[in-house]
Participant: 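Would you mind keeping the following structure in view while I ask a few things?
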Amino acid sequence: MIQKNLGFNALAVAQQYPQYKGILRVDEARLIAQVVSGIGFLGAGTIIVENHSIRGLTTAASLWVVACIGIAIGMGNYIIAISGFLVVFSVVAFLKKIIRISPVRKLKVEYKQKVETKEFIDGYFKENKISVEDVKFRVSKLNNNNSIYTNIYSIDFGKNVDYVDIVENLSMNENIVKVETINV
């Protein structure tokens, strides 16, 4: 609306003072171009490449689309803005129904009784169709010759299991000392 107002003001000044016709210049596309490039720059900052995967691409696209809808509203093109919103909302809702990306999470499990507990954990993951992407293993010796085993699992779970349920169900085993999510 500001850009439109600048254009109308320039026309009014040019009509009132004809000698300034060649001097006054207003380009409505300049403000729009700056918004698009600025939001594109901010959106590019949300894109992160990590471990051969790209994150933040949908956030960047969403920022750009919302900026464009805002420009349409600001320019008074309400039909275009509403239509654009409905199309974007429909596409996102449709894709959310058919595509679910299972995030890989890190789970740290500390336990006693190495063989028995390891079999329990492996059985639980297999029973619930949780795929293990990677495992890091560590043994800590306590002062009374007992050992605490630590596994850090990178797990990818499907639609049928909630992440909170995994932590709670694993913690029910008497040999498991600690279960926690970690950021590694």
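These figures come from a predicted structure and were not determined experimentally.
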Participant: My understanding is that only residues two or more places apart in sequence, or in another chain, count here; which of them pass ring pair (Phe, Tyr, Trp, His ring centres under 6.0 Å) with F125?
Facilitator: Y153

Participant: If you take all heavy atoms of A81 and I73, which pair is closest and at what distance?
Facilitator: CB-CG1, 3.5 Å

Participant: If you draw a 6.0 Å radius around CG in L86, do more than 12 non-hydrogen atoms from other residues or ligands fall strictly inside?
Facilitator: yes

Participant: Nearest 0.5 angstrom please: E116 CD to I121 CD1, how far?
Facilitator: 11.0 Å

Participant: Quick one: salt bridge (Lys or Arg N to Asp or Glu O under 4.0 Å) partners of K118, sequence neighbours excluded?
Facilitator: D122

Participant: Y78, V65: one ILVMFWY side-chain cluster at the under-4.5 Å cut-off?
Facilitator: yes

Participant: State whether the number of non-hydrogen atoms from other residues, nucleotides or ligands found under 6.0 Å of Q19 atom CD is greater than 12.
Facilitator: yes

Participant: F8: which residues meet the ring pair (Phe, Tyr, Trp, His ring centres under 6.0 Å) condition with it, sequence neighbours left out?
Facilitator: none

Participant: Please report the interatomic distance OG1(T150) to CD1(I152), rounded to the nearest 0.5 Å.
Facilitator: 7.5 Å

Participant: For V35 and A67, work out which heavy atoms get closest and say how close.
Facilitator: CG1-CB, 4.4 Å

Participant: With rounding to the nearest 0.5 Å, note down the distance linking CD1 in I155 to CD1 in I130.
Facilitator: 5.5 Å

Participant: Using a distance-only test with no angle check, is there a side-chain donor-acceptor pair under 3.5 angstrom linking Y111 and N173?
Facilitator: no

Participant: Who passes side chain to side chain contact (heavy atoms under 4.5 Å, CB included) against I80, sequence neighbours left out?
Facilitator: A72, N77

Participant: Are V66 and L95 connected into the same hydrophobic cluster when the rule is that any two of I, L, V, M, F, W, Y join if their side-chain heavy atoms are below 4.5 Å apart?
Facilitator: no

Participant: Any chance you could measure L42, atom CG, to S37, atom OG, to the nearest 0.5 Å?
Facilitator: 10.0 Å

Participant: Checking side chain to side chain contact (heavy atoms under 4.5 Å, CB included) for the pair E110/I176: CA distance, chi angles, key distance, verdict?
Facilitator: CA-CA 6 Å; E110 294 181 5; I176 294 181; over 6 Å; no

Participant: Could you tell me the separation between the CE atom of M172 and the OH atom of Y124, rounded to the nearest 0.5 Å?
Facilitator: 11.0 Å

Participant: Could you pull out all residues at least two apart from N9 that satisfy side chain to side chain contact (heavy atoms under 4.5 Å, CB included)?
Facilitator: N5

Participant: Determine which pairs satisfy salt bridge (charged side-chain N to carboxylate O under 4.0 Å, His left out) with at least one residue from residues 70-81, sequence neighbours left out, and list them in order.
Facilitator: none

Participant: Under the rule for side chain to side chain contact (heavy atoms under 4.5 Å, CB included), what residues qualify as partners of I32, not counting sequence neighbours?
Facilitator: V36, I71, M75

Participant: Taking salt bridge (Lys or Arg N to Asp or Glu O under 4.0 Å) as the test, write out the residues that go with E180, two or more places apart.
Facilitator: K108, K178

Participant: When you compare the side chain of L107 with that of L170, does any pair of heavy atoms fall below 4.5 Å?
Facilitator: yes

Participant: Begin from the C-alpha positions of I148 and K112 and carry the test side chain to side chain contact (heavy atoms under 4.5 Å, CB included) through to its verdict.
Facilitator: CA-CA 5 Å; I148 293 290; K112 308 179 280 189; 3.9 Å; yes

Participant: Do F120 and V115 sit in the same hydrophobic cluster, where Ile, Leu, Val, Met, Phe, Trp and Tyr count as joined when their side-chain heavy atoms come under 4.5 Å apart?
Facilitator: no

Participant: Checking V139 now: which residues fulfil side chain to side chain contact (heavy atoms under 4.5 Å, CB included) with it, not counting sequence neighbours?
Facilitator: F137, S147, Y149

Participant: How many angstroms lie between atom CD1 of I69 and atom OG of S83, to the nearest 0.5 angstrom?
Facilitator: 10.0 Å

Participant: Applying side chain to side chain contact (heavy atoms under 4.5 Å, CB included) to N128 and I166, what does each step give before you reach the verdict?
Facilitator: CA-CA 9 Å; N128 290 290; I166 295 170; over 6 Å; no

